[in-house]
Amino acid sequence: MNIKIGLCLILCSILISGCVDKKTVYVEKPDIEWGIGVYPHHGFTNANLTDWDDAFKKASRVGKIAHLEVTYGEMTLEDAEFLYDIKVPLARKYGMEIFMQINIFDTIPEMTEYKNYVLKLVEKYKPEYLLASNEINYLYGKDRYDYFVSELLDLYDRIKEVSPKTKSFPSFAYEPMRANHQEFLFDAFEDKVPYFAITSYPLKAFEIYPGYLYESPGDIPINYWDVSDITDKDIFITETGWSTGPYFKGSREDQINYVERVYELVGNNPKIKKVVWITLMDVVDENTKIDSEYPGTMGFFTIEGKEKPAWRLISD
């Protein structure tokens with residue numbers, strides 16, 4: 001009799017565990033606009049259009065925003081157009097909106113050339129969203145910063161002339177903005193842009209600055225993205241993610257927990273209207289030990305295209 005009871009308990013355990021399939025979501029996905037940076041596996045070197053098509057098909061399961069970025073100064077206008085000629089039609093094919101991000105990083109560019117570069121891309125592709133000047137607070141304190149801001153505001157006006165439906169704005173790196181008390185930098189844009197746009201990477205991968213970085217997603221305060229002290233505008237999180245790379249103190253389990261924590265943070269803050277995951281696929285090996293490759297380990301698939309467990313939480 002005891003043997004029969006034991007076998008029965010084992011069978012019940014198997015059946016119960018089988019019912020909790022990969023689609024189980026413990027925190028409900030908020031009903032806002034979601035997006036993701038789109039690359040196929042081996043994305044930086046993969047010229048296979050079938051793989052690109054498959055990547056956009058997967059991306060459309062996350063949400064309607066296709067985050068497509070190029071870097072000014074590293075990529076000529078012709079090279080940028082070559083990439084966008086591939087990406088934009090595929091995004092449209094799967095019913096996605098175009099979020100065009102034109103990166104500048106450590107140097108304030110020559111503004112006449114930069115503005116022409118941006119305007120030509122906007123005029124050709126008519127993106128729904130245009131982010132010109134990502135993480136602008138990293139440029140604060142450099143020579144010509146005030147001039148740069150005034151030229152950027154002029155650029156946003158000119159974008160409206162060539163593509164009236166395009167919404168343009170800069171982004172701010174949220175963690176250093178808070179840690180360095182740079183909230184005032186948004187004042188110059190308050191009356192000119194539709195959103196308060198931020199990138200946010202709260203994983204404490206490095207000892208960069210005190211506060212606003214966490215070893216565990218569960219440690220992130222529920223009001224983490226409350227920006228009511230900065231602006232009343234809606235919030236657009238243009239990049240976020242959690243590394244699964246052990247070198248960066250991340251893991252696949254932590255990525256699952258971060259997705260669920262993001263859902264909680266968004267659900268607690270009605271001002272958050274759009275959230276974009278930084279990348280669909282890892283663009284470097286998950287076990288990299290190169291500091292600069294940190295964001296490239298935040299994909300929901302490995303660089304070889306193998307699904308990570310958190311994919312089930314963000315798709316569909």
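- Side-chain contact between Asn268 and Glu264: absent, with no pair of heavy atoms (C-beta onward) separated by less than 4.5 Å.
- In summary, Lys192 and Asp157 engage in a salt bridge, as defined by a charged side-chain N under 4.0 Å from a carboxylate O.
- Minimum interatomic distance between Pro109 and Tyr72 (heavy atoms only, all atoms of both residues): CB-CE2, 3.6 Å.
- Note on Asp106 versus Lys142: no salt bridge recorded, every NZ/NE/NH1/NH2 to OD/OE distance being 4.0 Å or above.
- Electrostatic pairing of Arg92 and Glu128 counts as a salt bridge here, judged by a charged N lying under 4.0 Å from a carboxylate O.
- Panel note: side chain Asn46, backbone Asn48; a donor-acceptor pair is recorded below 3.5 Å.
- Side-chain atoms of Met75 and Leu83, non-hydrogen and from C-beta on, do get closer than 4.5 Å to each other.
- In this structure Phe236 satisfies the ring pair (Phe, Tyr, Trp, His ring centres under 6.0 Å) test together with Phe99, Tyr129, Phe169, Tyr195, sequence neighbours excluded.
- Both cation-pi conditions hold for Lys58 and Phe301: the charged atom is under 6.0 angstrom from the six-membered ring centre and inside a 45 degree cone around its axis.
- Around NZ of Lys115, the count of heavy atoms belonging to other residues, nucleotides or ligands within 6.0 Å exceeds 12.
- For the atom pair CG of Leu280 and NE2 of His67, the computed distance is 13.0 Å after rounding to the nearest 0.5 Å.
- Side-chain rings of Tyr138 and Phe105 stay apart, their centers remaining 6.0 Å or farther from each other.
- The shortest side-chain heavy-atom distance between Leu119 and Ile159 falls under the 4.5 Å cut-off.
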Q. Under the side-chain contact (heavy atoms from CB on, under 4.5 Å) criterion, do Asn287 and Tyr247 qualify, and how do the steps go?
A. CA-CA 7 Å; Asn287 293 307; Tyr247 176 74; over 6 Å; no
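- Between the CD1 atom of Ile65 and the NZ atom of Lys274 there is a distance of 5.0 Å, given to the nearest 0.5 Å.
- Ile235 is not listed as a side-chain neighbour of Lys273, based on a closest heavy-atom distance of 4.5 Å or more.
- Applying the side-chain hydrogen bond (donor to acceptor under 3.5 Å, both in side chains) criterion to Glu239, with sequence neighbours excluded, gives Gln101, Tyr201.
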Donor-acceptor pairs under 3.5 Å, side chain of residues 292-299 to any protein atom, not counting sequence neighbours: which ones?
unit_1, atom_1, unit_2, atom_2, d
Glu293, OE1, Thr288, OG1, 2.4
Thr297, OG1, Ser243, OG, 2.6
Thr297, OG1, Tyr294, O, 2.8

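- Checked against the 6.0 Å centroid threshold, Tyr214 and Trp242 do not count as a close aromatic pair.
- For Tyr84 and Tyr125, the ring centers are positioned less than 6.0 Å apart.
- Applying the salt bridge (charged side-chain N to carboxylate O under 4.0 Å, His left out) definition to pairs two or more places apart or across chains, none involves residues 208-227.
- Scored by the salt bridge (Lys or Arg N to Asp or Glu O under 4.0 Å) test, Asp31 finds no partners at all (sequence neighbours excluded).
- With hydrogens and angles ignored, the 3.5 Å screen pairs a side-chain donor or acceptor of Ser150 with a backbone N or O of Tyr147.
- In this structure, Glu260 CD and Glu28 CD are separated by 12.5 Å, a value rounded to the nearest 0.5 Å.
- The residues Lys124 and Asp85 are annotated as salt-bridged, a charged nitrogen and a carboxylate oxygen being separated by less than 4.0 angstrom.
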request  = Could you check Val283 against Ile303 for side-chain contact (heavy atoms from CB on, under 4.5 Å), going step by step and ending with a plain yes or no?
outcome  = CA-CA 6 Å; Val283 294; Ile303 194 171; 5.7 Å; no
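- No donor-acceptor distance shorter than 3.5 angstrom exists from the side chain of Ser171 to the backbone of Thr199, with no hydrogens or angles considered.
- Ion pair Glu286/Arg252 flagged as a salt bridge, since at least one NZ, NE, NH1 or NH2 atom sits closer than 4.0 Å to an Asp/Glu carboxylate oxygen.
- A 6.0 Å sphere centred on CD of Glu253 holds no more than 12 heavy atoms belonging to other residues, nucleotides or ligands.
- Between Arg178 and Glu183 there is a salt bridge, since a side-chain N of the basic residue sits under 4.0 Å from a carboxylate O of the acidic one.
- A 4.5 Å side-chain heavy-atom check between Tyr117 and Thr112 finds every atom pair outside the cut-off.
- Proximity of Met281 to His42: side-chain heavy atoms (C-beta onward) are nowhere separated by under 4.5 Å.
- Using a 4.5 Å heavy-atom threshold, the side chains of Phe189 and Ile136 count as touching.
- Under the 3.5 Å distance criterion, the side-chain polar atoms of Lys64 are left unmatched by any main-chain donor or acceptor of Trp34.
- Side-chain contact between Asp254 and Pro217 is present, with heavy atoms from C-beta onward closer than 4.5 Å.
- Ring centers of Tyr140 and Phe172: at least 6.0 Å apart, outside the cut-off.
- Asp234 is linked by a salt bridge (Lys or Arg N to Asp or Glu O under 4.0 Å) to Lys271, counting only residues two or more places apart in sequence or in another chain.
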